[in-house]
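Counting starts at 1 for both ligands and their atoms, in listed order. The structure presented is a predicted model; accordingly, all values stated were derived computationally and were not measured. Residues take their numbers from the sequence shown, with the count starting at 1.
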Amino acid sequence: MNTLGNPALILNANYRPLNYYPLSLCSWQDSIKAVFLNRVSVIENYDQEVHSPTVSLKLPSVVALKSYIIPKRKPAFTRFNVFLRDNFTCQYCLNKFLANELTFDHLIPRSLNGKSEWNNVISACTSCNLKKGRRLLKNTDMNLTKMPTRPTSIQLQNNGRNFPPNFLHESWRDYLYWDTELQN
Ligand SMILES: [Zn+2]
């Protein structure tokens, strides 16, 4: 059996995904381990089974944690979370990019003691970042449609729903709500 195949979707104890982007998944080995440690309930199964000399078990496709994990109220200030807050969109030209094509831009440049914090950092594509350089926005002909702020975990979670992964097992669909699906 392919060790990368058959991942289980991990739900919180309220049956909501722990995380949308990246989608909270675990390997089938970890999901079976969590079942035996009594940490999760199995909600849905794959057809595939694993066998030991004494037991055979269907691989879980959806598991729910037995104890509820309270989401962090203040999301961590990371590159990924800044990009997710900005929907992987350059805040100057408003085009979408992949994470590895985006950069951090400091509104008040670091050379002028600008801090790396939520309200001073935005996602910018390489060419917009180069164009702005180490200048203050008011000294350029560039515009921002909105000033950056610290997002809530719920806002980041909601933004994550814009990015469904390539692989979605059919048994997961009842537990996931994708914005793209709602638009169709
Ligand atoms: Zn740009």
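Under the 30°/60° scheme for interplanar angles, the aromatic rings of Phe83 and Phe104 are found to stand perpendicular.
The Zn ion (ligand 1) has Cys90 SG, Cys93 SG, Cys125 SG, Cys128 SG as its protein N, O or S neighbours under 2.8 Å.
Contact annotation: the side chain of Arg150 never approaches that of Asn119 to less than 4.5 Å [non-hydrogen atoms, C-beta and beyond]. Inter-residue side-chain proximity for Trp118 and Asn81 is flagged as met; some heavy-atom pair is nearer than 4.5 Å.
For Asn120 (side chain) and His106 (main-chain N/O), no donor-acceptor pair under 3.5 Å exists by modelled atom type.
For Phe80 and Tyr21, the ring centers sit closer than 6.0 Å to each other.
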Could you list the donor-acceptor pairs under 3.5 angstrom formed between side-chain atoms of residues 135-148 and any protein atom two or more places apart in sequence or on another chain?
{"residue": "Arg135", "atom": "NE", "partner": "Lys132", "partner atom": "O", "Å": "3.1"}
{"residue": "Arg135", "atom": "NH2", "partner": "Lys131", "partner atom": "O", "Å": "2.7"}
{"residue": "Thr140", "atom": "OG1", "partner": "Leu137", "partner atom": "O", "Å": "2.7"}
{"residue": "Thr140", "atom": "OG1", "partner": "Met142", "partner atom": "N", "Å": "3.1"}

